[in-house]
Every structure is written in C-alpha cells, then in structure tokens.
Undergrad: 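Could you have a look at this structure, given as structure tokens, before my questions?
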Amino acid sequence: MRSRVRGWRWRRNPLRRRSDVVEAWWAVAVGVLLLVGAPLVGAGVARWTYEHARAHAEATRATEHHVRAVLVKDSPRVVPSASGHGMRPLSTPVRWTGSDGTARTALVHVPAGLRRGTRVDVWTDGRGVIVPAAPSSAMILQQALAIGVFTGAGAIFAVSVAHVCVSRSLVRRRLDQWASDWARTEPDWTRRTA
C-alpha cells in the first residue's frame, strides 16, 4: 500500500533537494498564473479592444452619411456560390442622390430576390462614395470578447508550455545529480575502486 505525504517539498528534511523547493514554488506560480493571470490578461485585452474599436466606430459614424438608395434592377433570386454550398453576396446597382444634388450609382451587396425600386440603406463618406457601415455595439462587443478569450487561451498555453519546459529541466537536472552522486557512492557499495 502506498501513502502520499502532502507538502513534503516544503518541510525541512535531509532528503529534500533544492530542486524540490524550486519545483514547489514553480507549481504555486503556475497555479496563480493559470487561475488569476490568464483571465486578467484576457479581460484586459478584451476591454482594451472594445474601447478602441468603439472609439474607431464612433469616429467612422461621424464621417459617414446614411442614404436611402433605390435598386436599379432586380437582384437575382438565387445565385449559388462557386463551391455549390450556400449563397454568395449579390452585387446589384443602386441609385441615390448625393449631398450635392447629383444622381449617383454604384454596386452594393443586397439580399437575393429584391425587386427593382426597392429601397436599401447605404452609407457614404464625405465624397459620396459608398463605404461599409460602422460596426454596431453588439458586433464590437462580440469581437472584443472573442479576442479576449483567445488571448486568455494563449496565455494558458504559454504558461503550460513554460511549465512543461521547467519541469523537464528540473527532472533532467535531478537525474544528472543522481548520476553524479551514484558515481561517488557506487564504489563504496560494490567495494570497487574507481
């Protein structure tokens, strides 16, 4: 029957090696980094990403103008993608009146099956060129959370790799020390001379 003695690396005894103490402190550090550090890094990156993306979206919204455009022709009812799976975005010409009063046309992505004359929302910049709409708050939050989760996972992975490397290094050092100690002790035990 085998019994485990808890905390033996922390107790003073003649069999405790320096590498045992290093390994015990390293285990504490890894635990703290995994349970506290990685979530904090992920949350910090998510917050930083959200704040910067929100500021960028607000600046973009300040320069964009919402325009109601009219489809010039019907959009195709169904257009399969090149791979045959799902739908691809459909570009259809639209017309709108610019802020200077001139009629403008451009191709925009619209859902399939819209009829000629249907009004669609588009956004233009100061020159009247169609630009993508600024991301919504929900989109920004979703992206920030995803980046935060992946950053936290990356931190956990980095700590885990460091733990494996340090543990292997300690085991290798311990084996080398045992081999050195045995080389000194073995002649006494076997009654041979070196």
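The structure displayed is predicted, hence computed values, not measured ones.
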Undergrad: Under the rule for ring-ring contact (aromatic ring centres under 6.0 Å, His included), what residues qualify as partners of H65, not counting sequence neighbours?
TA: none
Undergrad: Mark yes or no for whether T63, through its side chain, and D125, through its backbone, hold a donor-acceptor pair below 3.5 Å.
TA: no
Undergrad: ring-ring contact (aromatic ring centres under 6.0 Å, His included): which pairs involve residues 118-145, sequence neighbours left out?
TA: H66-W123
Undergrad: Quick check: does any side chain N or O of T151 sit under 3.5 Å from a backbone N or O of I147, one acting as donor and the other as acceptor?
TA: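 Here the side-chain-to-backbone pair exists.
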Undergrad: Could you pull out all donor-acceptor pairs under 3.5 Å where a side-chain atom in residues 31-43 meets a protein atom, sequence neighbours excluded?
TA:
none

Undergrad: Would you mind writing out the side-chain donor-acceptor pairs for residues 156-166 within the sub-3.5 Å range, not counting sequence neighbours?
TA:
from, atom 1, to, atom 2, distance (Å)
S160, OG, I156, O, 2.8
H163, ND1, W26, NE1, 3.0

Undergrad: Might you point out which heavy atoms bring E64 and A133 nearest each other, and give the distance in Å?
TA: OE1-CA, 3.9 Å
Undergrad: Any side-chain to backbone donor/acceptor pair from D74 onto R116? Under 3.5 Å, distance only.
TA: yes
Undergrad: Any salt bridge linking E51 with R54? Criterion: basic side-chain nitrogen under 4.0 Å from a carboxylate oxygen.
TA: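 Yes, E51 and R54 are salt-bridged.
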Undergrad: Could you state whether L71 and V122 fall into the same hydrophobic cluster, counting links through intermediate Ile, Leu, Val, Met, Phe, Trp or Tyr residues with side-chain heavy atoms under 4.5 angstrom apart?
TA: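 Yes, L71 connects to V122 through the hydrophobic network.
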Undergrad: With R47, which residues qualify under salt bridge (charged side-chain N to carboxylate O under 4.0 Å, His left out), at least two apart?
TA: none
Undergrad: Run the salt-bridge test on D181 and R184 with the 4.0 Å N-O cut-off and return the result as yes or no.
TA: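 Salt bridge present between D181 and R184.
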Undergrad: Say whether, by atom type as modelled, one donor and one acceptor occur between the side chain of S75 and the main chain of L114 under 3.5 angstrom.
TA: yes
Undergrad: Quick check on R61: does its CZ atom have over 12 non-hydrogen neighbours (other residues, nucleotides or ligands) under 6.0 Å away?
TA: yes
Undergrad: Just jot down the ring-ring contact (aromatic ring centres under 6.0 Å, His included) partners of W178, sequence neighbours excluded, or say none.
TA: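 W178: no ring-ring contact (aromatic ring centres under 6.0 Å, His included) contacts found.
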Undergrad: For the pair R174 and E23, find out whether any cationic side-chain nitrogen is under 4.0 Å from an anionic carboxylate oxygen.
TA: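 The answer is yes: the pair qualifies as a salt bridge.
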Undergrad: Starting from the C-alpha separation in whole Å, work towards a yes-or-no answer on side-chain contact (heavy atoms from CB on, under 4.5 Å) for V22 and L170.
TA: CA-CA 8 Å; V22 169; L170 289 171; 4.0 Å; yes
